[in-house]
Protein chains: 2
Amino acid sequence: MNTLEEVNDFVHHGHQEYLPHVSIDPVIFGYYQQKLKILLLRWKGLDGWGLPGGFIKRREPLSQAAYRILHEKTNLSDLFLQQFHVFGDSPYRVQERSGREYKEKFGLEVEPDNWLLERTLSIGYFALVDYSKVSVTTDYFTEDYYWFDVSDIPPLLFDQNETVEKALLTLRLQIYHQPIGYNLLPEKFTIPEIHTLYETILGKELDQRNFSKKLIALGLIKKLDERRSIGAHRSPFLYQFEKEQYEQALQEGIMHTY
Amino acid sequence: MNTLEEVNDFVHHGHQEYLPHVSIDPVIFGYYQQKLKILLLRWKGLDGWGLPGGFIKRREPLSQAAYRILHEKTNLSDLFLQQFHVFGDSPYRVQERSGREYKEKFGLEVEPDNWLLERTLSIGYFALVDYSKVSVTTDYFTEDYYWFDVSDIPPLLFDQNETVEKALLTLRLQIYHQPIGYNLLPEKFTIPEIHTLYETILGKELDQRNFSKKLIALGLIKKLDERRSIGAHRSPFLYQFEKEQYEQALQEGIMHTY
DNA sequence: AATTATTCCGTAAATTTTACGCATTGTAAA
DNA sequence: TTTACAATGCGTAAAATTTACGGAATAATT
């Protein structure tokens, strides 16, 4: 959706292709320089940051819609994606951003009963992606994008701050029962790297010795015969996820602390 | 909705009052005679059992809609209610039950583009209720109701068997992190009662001595000075939930096994 | 060659979970 | 009335897991 013509078609006829009243709003987590980041888009004219959301096509399975939207924005196909909550306790959140803005910012005439101005429930997804592999695609509505540190999220459009908070909470709870990291780290990683990742996500210190002991005992990672040459000091060994064990743990869950 | 006139109005004008494309489908758990039960309704004419679902009013917060629907069906106001998943991977599930049936069973003419025949996402909720306090309200669409044992659920309409399975799975996972029982048991209960409840939900045996030790150690229940006179044998003491501790555990979660 | 920062192996203490033994109590059967 | 039985309820010991931490080894820097 890059030309004004396409946008105009979307605004006035989008409800024929997409299901109205429901949007998908993904919180995309990436990990970079030992910080947990979230991808946000700046909406043109709205003077605000928001999640890279989208709509469900009328004959498209829900989970497929979520993957499509993620793929459109990040050009990634290998990612962890999970639904976590439906937000719909503020029925008026979209109307408030009235049709006036469409006219002022885009010069578009929008009827008061336009589908985009109606009440919309928001299905929250969270995604874990390899930061280095993401190439963000922007469109007509999108002015800019930026990876924000989770500890430094700006005020977001509508009630999306709540969405981000709940996504983070869900991620932190989930890390106790499911392995996390496959989609946040490069294929080969060092113990200090995955250790810092977990500390970052959980926001607390974890004893490195016990942590690696645990991961190896669970059979989730295996040591390789290579080392990573970091700038100074001793080269740490590289590790890799045991794909099978990892998948199994994703399915069955694990019961433990780190 | 008890008269044909009301039903006719709902079918033809319901989309003015309710949000189309989204339904709320609650899985209502009750506990009776040491069995975990689910409340299902038999839909008139459709020859099938289904969840007691409903729609969201256009200006009604989502969570309020869920409470309203539960209240309408069970006449309960004190219950545990939680959203757990949105189902929408079978886009055609409603269309299949075409408008023909409305005509055959109810004598209603339904246009092919009627809102009730369009694709509908289903927001799954699960509720825990005190079986003995429920009085089921049926309406024009509802022929019968029955509390089914969870181990004996019949084939349900649409893909609601998946909904029930996921609800049960969620309940079983959740019981490890949150106290459960306040809404499933009477106010005062015995150790054997709550013990059997947990065994029933988890579907496995739990050492009674360690189980009660745990609950008391967590400060979740307190012993009363009364006993319950069961038919035979020694009268067991009654216990009660510590409301404050219980609420706190609901908020913060507990990390343990039983 | 000495210094320093970091990796990484191992062990001991503390805590938690699990497994049961058995006295107690109240009803039912003999 | 006595005996038998079934279920409650308390306590303790063994097993397993988690937590804490000492210190050797390594590799770049000075």
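A, B, ... follow the sequence lines: proteins, then strands. Residue 1 opens every chain. This is a predicted model, so every value here is computed, not measured.
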(message) Check B:K204 with B:E199, please: is the shortest side-chain N to carboxylate O separation under 4.0 Å?
(response) no
(message) Applying salt bridge (Lys or Arg N to Asp or Glu O under 4.0 Å), can you list everything that pairs with A:E162, at least two apart in sequence or on another chain?
(response) none
Nearest-Å distance, [atom1] ([X]) to [atom2] ([N])?
X: B:F237; N: D:dA7; atom1: CZ; atom2: P; value: 19 Å
X: B:L238; N: D:dG9; atom1: CG; atom2: C1'; value: 15 Å
X: A:F211; N: D:dT17; atom1: CZ; atom2: P; value: 19 Å
X: A:I216; N: D:dT17; atom1: CD1; atom2: C1'; value: 17 Å
X: B:E205; N: C:dA19; atom1: CD; atom2: P; value: 11 Å
X: B:L206; N: C:dA19; atom1: CG; atom2: P; value: 11 Å
X: A:K214; N: D:dA16; atom1: NZ; atom2: P; value: 15 Å

Give each protein N/O atom lying under 3.5 Å from an N/O atom of nucleotides 20-22 of chain C, with the pair distance.
{"residue": "C:dC20", "atom": "N4", "partner": "B:R209", "partner atom": "NE", "Å": "3.2"}
{"residue": "C:dG21", "atom": "N7", "partner": "B:R209", "partner atom": "NH1", "Å": "3.0"}
{"residue": "C:dG21", "atom": "O6", "partner": "B:R209", "partner atom": "NE", "Å": "3.4"}
{"residue": "C:dG21", "atom": "O6", "partner": "B:R209", "partner atom": "NH1", "Å": "2.3"}

(message) With salt bridge (Lys or Arg N to Asp or Glu O under 4.0 Å) as the rule and sequence neighbours excluded, what pairs involving residues 164-180 of chain A come up?
(response) none
(request) Can you run down the salt bridge (Lys or Arg N to Asp or Glu O under 4.0 Å) pairs that involve residues 125-138 of chain B, sequence neighbours left out, and say none if there aren't any? (result) B:D130-B:K133
(request) List in chain and number order the residues that pass side chain to side chain donor-acceptor pair (under 3.5 Å) with A:N161, two or more places apart in sequence or in another chain; answer none if no residue qualifies. (result) none
(message) Measuring to OP1 and OP2 of D:dT26, would you say a side-chain N or O of A:R227 lies under 4.0 angstrom away?
(response) no
(message) With a 4.0 Å limit, can you tell me whether B:Q208 has a side-chain N or O closer than that to the phosphate oxygens OP1/OP2 of D:dT8?
(response) yes
Per-pair distances, 0.1 Å, donor-acceptor, side chain in residues 80-87 of chain A, under 3.5 Å, sequence neighbours excluded:
{"residue": "A:Q82", "atom": "OE1", "partner": "A:Q174", "partner atom": "NE2", "Å": "2.4"}
{"residue": "A:Q82", "atom": "NE2", "partner": "A:Q174", "partner atom": "OE1", "Å": "3.1"}
{"residue": "A:Q83", "atom": "OE1", "partner": "B:H85", "partner atom": "ND1", "Å": "3.3"}
{"residue": "A:Q83", "atom": "OE1", "partner": "B:V86", "partner atom": "N", "Å": "2.6"}
{"residue": "A:Q83", "atom": "NE2", "partner": "B:V86", "partner atom": "O", "Å": "3.1"}
{"residue": "A:H85", "atom": "ND1", "partner": "B:Q83", "partner atom": "OE1", "Å": "3.3"}

